[in-house]
Every structure is written in structure tokens, then in C-alpha cells.
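No hydrogens, no waters, no symmetry mates; every other heavy atom, side chains included, goes into these values.
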Amino acid sequence: MHTWLTGLGIAVGCMPANWGVLVLLAHTLPPGILRDLAAFIPDCLTTVRRLARESHVEDHTVDRTQPSLG
């Protein structure tokens, strides 16, 4: 159990570092598919931040106690 939690902690700690590398790559790569792919995560984060600040976007939480229709 301890090694599992350690691995999870390392993985969670590495995610921001990976995002930072992607941000740097997005600025240094020549135009093309690789640059677009490297810019995808920062673009997603920007979109989520902007939507979170928008007053017209409601908080739609999922009720896990209800059975799914699909």
C-alpha cells in the first residue's frame, strides 16, 4: 500500500512538470502538428479557467446515486 501511494504521489508531482515542458515546447517548435499538440493542454487549461469565471456557465455536478440511462 505504501509503494502504491508513493507512486501516485510521484505521478501527481510529475504532471505539472510535464505541462511546463509542453508549454516550453509549444513556444519553441516550428508551426505544425507537433506544436499544435504541445499547445493543446495549456489551451485546455485556459478554456477551463475562462469558463469557470463565466457567470452564464452553471455548475452541473453529476449525481452518482441515480442510475444511468445509458
### Task
Go through Arg49 and Thr46 one step at a time and tell me if the side-chain contact (heavy atoms from CB on, under 4.5 Å) criterion holds.
CA-CA 5 Å; Arg49 279 194 304 252; Thr46 301; 3.5 Å; yes
### Query
Thr3: what forms a side chain to side chain contact (heavy atoms under 4.5 Å, CB included) with it, not counting sequence neighbours?
none
### Heavy atoms of other groups near Ile33 CD1, more than 12 under 6.0 Å
no
#### Entry: Same cluster (ILVMFWY, side-chain, under 4.5 Å), Leu45 and Met15
yes
